[in-house]
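Computation of the quantities below employed the complete heavy-atom set of this structure, encompassing side-chain atoms and omitting hydrogens, waters and symmetry-equivalent molecules. We name chains A, B, ... by the order of the sequence lines, and we start the count at 1 in each one.
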Amino acid sequence: MRTMLKVSLVVLAVVALPLAASAQQLFDFNGQAVLPGGVGGALTMYSQVFDASPATTPIPLDFADYEFTLVVTDLVLDADGFTQHYSGGTVTLYQDDLTAADFGNLPTFTDGTAILVGTITALSRTLFPTGIGSVTGSVDWSGGTRLDDIAPQDQTDWGFFSGTNNGVNQTLPGFDEQWDGKIEPREPIVDDAAMSFGSVKALFQ
Amino acid sequence: MDRLGLSKCVLAVLLTVAAALPAGAQMANIDYIGYAFETGGLLPSNAGDELTLVAVASNADPVFEVDLGAYELTFHAGGLISTGEVLDGSTTVIHYTGGMLEIYQDGSQDADWGLNPPNAVSPATFTDGELFFRGEFSSFTLYFAPGGYGTFEGTLSALDGTMIDGSCSDCVYTWAGAFLSGAGAQNPAGYDLQTDGGFQIDSTVATETASWGSVKALFSN
């Protein structure tokens with residue numbers, strides 16, 4: 001009976017996979033960052049996550065009933081310059097149905113359930129002459145209540161990508177930059193694999 | 001109140017709110033994600049190449065009064081003509097001339113980037129629905145950092161659309177964002193860049209301090 005259940009699930013997955021394989025997957029965020037004072041200091045960023053349909057989130061998120069926030073902490077500046085290099089930060093995706101995120105009350109960004117927790121393995125931030133900039137980095141997910149929704153082989157080397165703007169009309173009091181970006185797998189994490197039914201059965205023998 | 005009247009009212013409130021914001025406050029913003037392609041590809045960007053961006057809003061400030069659960073806001077920026085790339089230090093800078101940005105409010109929610117644009121669905125599914133905003137670019141610049149990522153920023157003057165009316169001729173809008181290029185960026189085949197950014201009201205008509213009596217006097221003649 002257990003084998004039958006597994007086969008049913010696999011067949012169901014094979015039917016569903018082609019629909020998802022072509023969709024763009026990302027966690028879209030918009031937030032505010034505090035920059036470090038110098039090398040060795042830490043960057044923090046607080047943001048809200050939005051539904052970027054028709055793109056999808058890499059794991060299903062219930063935007064109708066919950067608010068999702070993305071917070072970066074302890075991201076250490078290793079090298080300064082036109083392009084800054086960071087490492088070692090923690091990124092956490094929270095789910096919350098109680099308090100609305102408020103940039104004037106930062107605990108409202110971290111008071112939910114940590115559904116994904118990851119490490120920023122590396123991140124570069126480049127500031128262009130007009131005060132706008134760009135951030136690119138990588139994330140390894142390693143914790144959170146929804147970590148198991150991502151297959152182990154898909155939990156590492158996600159892209160962290162953001163635009164930055166330090167204009168006075170972009171930053172809120174107490175922050176240095178607006179960040180508008182996304183975290184995404186390098187490829188859609190549910191892949192499509194053609195397989196004969198005999199091959200599927202062989203997996204369970 | 002008819003729809004046009006309501007739109008004008010919304011705009012008036014929008015302008016009032018924007019003008020009243022203190023320095024340092026955020027401007028009204030529509031957040032978007034999307035993709036871009038240029039004739040001949042990027043990089044290089046040769047003089048005369050045309051850049052096209054198609055995007056979908058993921059969030060809009062409440063002041064815009066658009067229910068993104070029922071409508072999509074789609075963006076189509078086209079007619080941006082490259083003046084050719086130049087190297088500024090390690091940054092590749094591309095200035096563009098011309099170009100228009102259109103935003104559509106569409107209940108069909110059919111936006112689809114497809115593959116190898118232009119194609120049957122792109123830009124077509126980003127230009128259907130009701131015209132929400134149309135503006136012409138007064139500037140547009142794209143900055144490429146080494147490594148294939150960067151940012152862009154453009155300023156716009158509004159022309160028409162339900163979001164604006166004739167009294168908004170002094171408004172300046174900003175269309176900005178960051179991009180990634182190359183493999184591994186989840187770019188649908190045929191697109192050169194994936195983009196993430198915002199459309200903002202950058203400045204509004206100037207404010208002037210006046211007493212209530214002097215305001216009433218304006219209408220008493």
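- Annotation: the span from B:L180 atom CG to A:K182 atom NZ amounts to 7.0 Å, rounded to 0.5 Å.
- Considering all non-hydrogen atoms of both residues, A:D180 and B:G198 come closest at OD2-N, 3.7 Å.
- In this structure, chain B has a heavy atom under 4.5 Å from the side chain of A:F82, while its backbone stays farther away.
- Atom CG of residue A:N165 and atom OG1 of residue B:T151 lie 8.0 Å apart, to the nearest 0.5 angstrom.
- Across all non-hydrogen atoms, the minimal contact from B:D31 to A:F29 is OD2-O, 4.3 Å.
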* Decide side-chain hydrogen bond (donor to acceptor under 3.5 Å, both in side chains) for B:Q194 and A:Q24; before the verdict, give the C-alpha distance in whole Å, the side-chain angles of both, and the deciding distance to 0.1 Å. => CA-CA 10 Å; B:Q194 61 166 323; A:Q24 287 75 40; over 6 Å; no
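- Of all the listed residues (A:T136, A:T83, A:V135), the one sharing the greatest number of non-hydrogen pairs under 4.5 Å with chain B is A:T136.
- Annotation: B:F137, atom CZ; neighbour count of heavy atoms from other residues, nucleotides and ligands within 6.0 Å is above 12.
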* To do: Evaluate the criterion side-chain hydrogen bond (donor to acceptor under 3.5 Å, both in side chains) for residue pair A:T126 and B:Y149; output intermediate values, then yes/no.
  => CA-CA 9 Å; A:T126 301; B:Y149 67 98; 2.7 Å; yes
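- The shortest distance between side-chain heavy atoms of B:Y143 and A:T130 falls below 4.5 Å.
- The contact between B:T195 and chain A is made entirely by backbone atoms, counting heavy-atom distances below 4.5 Å.
- No side-chain heavy atom of A:F128 sits under 4.5 Å from any side-chain heavy atom of B:E153.
- Using a distance-only test at 3.5 Å, with no hydrogens or angles considered, no donor-acceptor pair links the side chain of B:S58 to the main chain of A:A52.
- Distance check, rounded to the nearest 0.5 Å: CD1 of B:I30 to CG of A:N30 gives 12.5 Å.
- For B:N29, the part lying under 4.5 angstrom from a heavy atom of chain A is the side chain only.
- Of all non-hydrogen atoms in B:A178 and A:S134, the two that sit nearest each other are CB-OG, 4.0 Å.
- Between chain A and the residues B:D196, B:T91, B:V93, the largest count of heavy-atom pairs under 4.5 Å involves B:D196.
- Contact record, B:W113 with A:A55: CZ3-N, 4.5 Å, taken as the closest heavy-atom pair.
- Distance check, rounded to the nearest 0.5 Å: CZ of A:F63 to CG of B:L68 gives 12.0 Å.
- Using a 4.5 Å cut-off on side-chain heavy atoms (C-beta onward), B:V56 and A:S53 make no contact.
- Only the backbone of A:S162 comes within contact range of chain B, with heavy atoms under 4.5 Å apart.
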